Amino acid sequence: MFEKIIEFSTQEDYFATKEDYPIPIKLNIPDWYKKLEHTITKKTIKGCMPFLDTLTSGYLLKMPQDFHLSHNIDNVNERGEKFKDSFFNFPLNQWRPVLSEKSLNLNSASDVHPVGQLEGSPLVDKNKNLPFYKILNPWKITTPKGYSCLFVPPLNNSDDRFSIIAGIVDTDNFKNEINFPIVINGDKYPVLETVIKKGTPYVQIIPFKRDSWKMAVKPTQSNKLQNNRLFYNLQLLHMYKDKIWVKKSWK
């Protein structure tokens, strides 16, 4: 029985398009992983359940529409001075995602984060010292009381061109859409002219219960270490899966 529900809601006009609804992220496992084999003679990451959990835990948001980027390109101002420029646009309503007219706020400054907001962060250099674009998400996300959501790029399966800036939102209390600033992978793409296509996976959502924690640091007795090592070496394959791993369910 599923006691906890994470709710994704959006305006009727966008909902009616039936395009790119959020899904359990387990439906987005990459093909390269599916093709791997894990045997006694050829051990691969396919046998690592912690890795599988990263691919299957939580939910996935996909791009609501095409997103055109021209990043770190050469430009010239009216005085003939050269500078590095960037711009982006959406195909519909240019600056806003596909929402009702009453929700539009054309040419809003909230569509980018200026560099100064992350001053001193290594993300600034990675983004080539240019403003951070923001993906405008049409979905409101609601969790039960006491539950928050961790928002990260799809773990071990992210796009190589960009990634969101990770964050945690108390989605039991926050009642608006959550928009996502992104960082361009300037280490691989110093200059980038691309379209992030509608339907591209870009956010992994992992709900969690808020608890208070206190850390403890202590030594482990040597005989316990030896017993643990023995336990871990009694089985050739799938020991963690068979003895330790707890199956998670995301629907």
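Everything quoted here is computed from the prediction, not taken from an experiment.
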Donor-acceptor contacts under 3.5 Å from residues 24-31 side chains, at least two apart:
unit_1: Lys26; atom_1: NZ; unit_2: Trp250; atom_2: O; d: 3.0

Just list the side-chain donor-acceptor pairs under 3.5 Å for residues 57-64, sequence neighbours left out, or say none.
unit_1: Ser57; atom_1: OG; unit_2: Asp53; atom_2: O; d: 2.7
unit_1: Tyr59; atom_1: OH; unit_2: Lys251; atom_2: O; d: 3.2

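Met49 is connected to Ile45 through a chain of hydrophobic side-chain contacts under 4.5 Å among Ile, Leu, Val, Met, Phe, Trp and Tyr, so both are in one cluster. Hydrophobic clustering, with ILVMFWY side chains joined whenever heavy atoms are under 4.5 angstrom apart, groups Phe15 together with Ile141.
Considering only heavy atoms from C-beta on, Phe8 stays 4.5 Å or farther from Ile23 through its side chain. Here the side chains of Leu155 and Leu55 are not in contact, with every heavy-atom distance at 4.5 Å or above. Ile182 places a side-chain heavy atom less than 4.5 Å from the side chain of Ile184. Annotation: side chain of Arg210 is in contact with side chain of Asp170 (closest heavy-atom distance under 4.5 Å). Residues Phe162 and Leu69 fail the side-chain proximity criterion, which asks for heavy atoms closer than 4.5 Å. Between Val195 and Phe67 the shortest side-chain heavy-atom distance does not fall below 4.5 Å. Here the side chains of Leu52 and Thr56 are in contact, with some heavy-atom distance below 4.5 Å. Residues Val112 and Lys134 form no side-chain contact, since every pair of their non-hydrogen atoms from C-beta on lies 4.5 Å or further apart.
Each ring pair (Phe, Tyr, Trp, His ring centres under 6.0 Å) pair with one or both residues in residues 136-161, not counting sequence neighbours, appears once here: Tyr14-Trp139, Tyr21-Trp139, Phe151-Phe180.
For the residue pair Lys128 and Gly186, the shortest heavy atom distance occurs at CE-O, 3.4 Å. Looking at every heavy atom in both residues, Leu36 comes nearest to Lys46 through O-NZ, 3.0 Å. Residues Cys149 and Thr171 share a closest heavy-atom pair of SG-OG1, 3.4 Å. Contact between Thr10 and Pro138 at its shortest, heavy atoms only, is OG1-O, 2.8 Å. Contact record, Lys197 with Asp66: NZ-OD2, 3.3 Å, taken as the closest heavy-atom pair. In terms of heavy-atom proximity, Pro190 sits nearest to Asn72 at O-ND2, 2.7 Å.
Qualifying side chain to side chain contact (heavy atoms under 4.5 Å, CB included) partners for Pro122, counting only residues two or more places apart in sequence or in other chains: none. For Tyr33, the ring-ring contact (aromatic ring centres under 6.0 Å, His included) partners two or more places apart in sequence, or in a different chain, are Phe51. Contacts of Asp187 classified as salt bridge (Lys or Arg N to Asp or Glu O under 4.0 Å), with partners at least two apart in sequence or in another chain: Lys126. Residues satisfying the side-chain hydrogen bond (donor to acceptor under 3.5 Å, both in side chains) criterion with Lys188, sequence neighbours excluded, are Asp160. Lys198 meets the side-chain hydrogen bond (donor to acceptor under 3.5 Å, both in side chains) test with Glu19, Asp20; sequence neighbours excluded. Every residue meeting the side chain to side chain contact (heavy atoms under 4.5 Å, CB included) condition with Lys42, not counting sequence neighbours, appears here in chain and number order: Thr39, Thr44. The side chain to side chain contact (heavy atoms under 4.5 Å, CB included) search around Thr142 returns Glu7, not counting sequence neighbours.
In this structure, Val246 stands alone, with no Ile, Leu, Val, Met, Phe, Trp or Tyr side-chain heavy atom under 4.5 Å from its own, directly or through other members. In this structure, Val124 shares a hydrophobic cluster with Val115, Leu118, Leu123, Phe132, Ile165, Val183, the cluster being traced through Ile, Leu, Val, Met, Phe, Trp and Tyr side chains under 4.5 angstrom apart.
With rounding to the nearest 0.5 angstrom, the OG atom of Ser9 is 6.0 Å from the NZ atom of Lys140. We find the OG-CD1 distance between Ser148 and Ile206 to be 13.0 Å, quoted to the nearest 0.5 Å.
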For Ile205 and Val203: C-alpha separation, side-chain torsions, deciding distance, then whether side-chain contact (heavy atoms from CB on, under 4.5 Å) applies. CA-CA 6 Å; Ile205 305 168; Val203 179; 4.0 Å; yes
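In this structure a side-chain-to-backbone donor-acceptor pair under 3.5 Å is missing from Gln204 to Leu150. For the pair Asn137 (side chain) and Asn179 (backbone), a donor-acceptor distance under 3.5 Å is absent. A donor-acceptor pair is defined here as one N or O able to donate and one able to accept, closer than 3.5 Å; such a pair exists between the side chain of His71 and the backbone of Asn127.
Counted by atom type alone, Asp172 and Thr143 present zero donor-acceptor pairs between their side chains at under 3.5 Å.
Remark: aromatic rings of His113 and Tyr133 are distant, center separation not under 6.0 Å.
Residue Lys248 places its NZ atom among more than 12 non-hydrogen atoms of other residues, nucleotides or ligands, all under 6.0 Å distant.
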